[in-house]
Amino acid sequence: MDLFGHLNAYDYGEVHFKLDKATGLKAIVAIHDSRLGPALGGCRFIEYATDEDAVIDALRLARGMTYKAALAGLAHGGGKSVIIRPKQHFDRVALFRAFGKFVDDLGGHYITAEDSGTGLEDMEVIRTVTKNVTGVDVANGGSGDPSPFTALGVRRGIEACVKFALGKDSLDGVHVAVQGVGHVGYHLCKELHAQGAKISVADVDPLKAERATREFGASVVELDQITAIACDVFAPCALGSALNDATIPRLKAKIVAGAANNQLAQPRHGDDLHARGILYAPDYAINAGGLVNVAQEVLGYDAGRSREKTLKIYETIFEIAERSQKMAAPTYRIADMLVEEKLATMS
Ligand code: NAD
């Protein structure tokens, strides 16, 4: 593996490795950038085909966290950890305790949280050996489910786009097509409904779509139609790569603004949206509400402060749209540029 080649490619940073024979722990902590503060980011616990895949996953994810935290105005850098899920039998509590000690040894330089494959119970185990953990139980000062905060930020981002592109001050009567009504999509529908928006939804799970109809009067459309229906806003809230060669030519919406991570299948799809005059709210800018919420745990959790900070996503998205117009450049590049400008002042 060309390890330092990978570090250069992702513009690093530091990476820490831990092998604990007693528990079978094989863990990687990637700290992409800590100029704004200690690196914050979740711990992923999944199987990897090779160690190299695990390293690249950690590098890629931690870099994304730097951008998300910086744009959300958090005093945190980007970090992420990966525990390679053992193929043989393992003691989960012992494994996460060993991981917690590893995090603790980093002296607060990295703060962990939940991610794919980890949950509240794992964070509670980690909490027994280090204070550098978030996403713990509400009873222990945790911030709870991040989805309502992510949805609040997405609603604010949609409002900014609607103001900028459609000149409207409210979502009343604005038609939003929500792809995926899981944790965030459900709460987004609730937010949109409260603002008087017209909602269409699609979900692979018909029960989730029906719930949105029952509670928010949403119309249900076929899975392959949600990107193509006539509407004002397309809100991807399911998986990544929703914006690709197949979907972009079909979009009738003037705005794309949703919660999903990695919405652009490739960066060039951000250029395609720009060329078609569709205002795209960059994913990591609009979906930062959950991270904003978890970050408040570090300071002593306060839901009011989380809400206040999440509401600011409106200004961030509006600024990106304005700069994009002024510089005739796609919004995803403007978002990256804002972060890079900010980090450069910290050098
Ligand atoms: P989730 O798994 O609860 O919801 C996803 C929903 O999408 C599910 O209901 C699923 O059935 C549906 N779905 C899957 N494939 C689909 C398809 N092809 N068409 C329509 N629906 C489909 O996940 P979530 O926590 O709501 O997160 C949604 C997205 O937002 C993910 O990309 C996630 O990474 C991102 N995100 C979530 C948070 C958060 O706070 N949970 C924060 C930031 C980003």
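Nothing fancy with the numbering, it's 1 onward along the sequence. Computed from a prediction, not measured in an experiment: that's the story for all the values here. Ligands are counted one by one from 1 in listed order, and the atoms in each one are counted from 1 as well.
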Validation row: His269, Tyr332 side chains within 4.5 angstrom (heavy atoms): no
Output field: ring centroids His32/Tyr12 closer than 6.0 Å: yes
Partners passing salt bridge (charged side-chain N to carboxylate O under 4.0 Å, His left out) against Arg268 (at least two apart in sequence or in another chain): Asp245
CA sep, side-chain torsions, deciding dist, call: Leu291, Met65, side-chain contact (heavy atoms from CB on, under 4.5 Å): CA-CA 9 Å; Leu291 177 66; Met65 295 305 292; 3.6 Å; yes
Non-hydrogen atoms of Leu71 and Ala335 that approach each other most closely: CD2-CB, 4.1 Å
List of N/O pairs, ligand 1 versus protein, all under 3.5 Å?
{"unit_1": "ligand 1", "atom_1": "3 (O)", "unit_2": "His183", "atom_2": "N", "d": "2.9"}
{"unit_1": "ligand 1", "atom_1": "3 (O)", "unit_2": "His183", "atom_2": "ND1", "d": "2.6"}
{"unit_1": "ligand 1", "atom_1": "9 (O)", "unit_2": "Gly182", "atom_2": "N", "d": "3.4"}
{"unit_1": "ligand 1", "atom_1": "9 (O)", "unit_2": "Asp203", "atom_2": "OD1", "d": "3.4"}
{"unit_1": "ligand 1", "atom_1": "9 (O)", "unit_2": "Asp203", "atom_2": "OD2", "d": "2.7"}
{"unit_1": "ligand 1", "atom_1": "9 (O)", "unit_2": "Lys208", "atom_2": "NZ", "d": "3.1"}
{"unit_1": "ligand 1", "atom_1": "11 (O)", "unit_2": "Asp203", "atom_2": "OD1", "d": "2.6"}
{"unit_1": "ligand 1", "atom_1": "26 (O)", "unit_2": "His183", "atom_2": "N", "d": "3.1"}
{"unit_1": "ligand 1", "atom_1": "26 (O)", "unit_2": "Val184", "atom_2": "N", "d": "2.8"}
{"unit_1": "ligand 1", "atom_1": "30 (O)", "unit_2": "Ala259", "atom_2": "O", "d": "3.3"}
{"unit_1": "ligand 1", "atom_1": "32 (O)", "unit_2": "Ala238", "atom_2": "O", "d": "2.9"}
{"unit_1": "ligand 1", "atom_1": "32 (O)", "unit_2": "Asn261", "atom_2": "N", "d": "3.3"}
{"unit_1": "ligand 1", "atom_1": "34 (O)", "unit_2": "Asn261", "atom_2": "ND2", "d": "2.9"}
{"unit_1": "ligand 1", "atom_1": "40 (O)", "unit_2": "Thr150", "atom_2": "OG1", "d": "2.7"}

Residues Phe234, Ile229; criterion side-chain contact (heavy atoms from CB on, under 4.5 Å); working and verdict: CA-CA 9 Å; Phe234 170 55; Ile229 57 168; over 6 Å; no
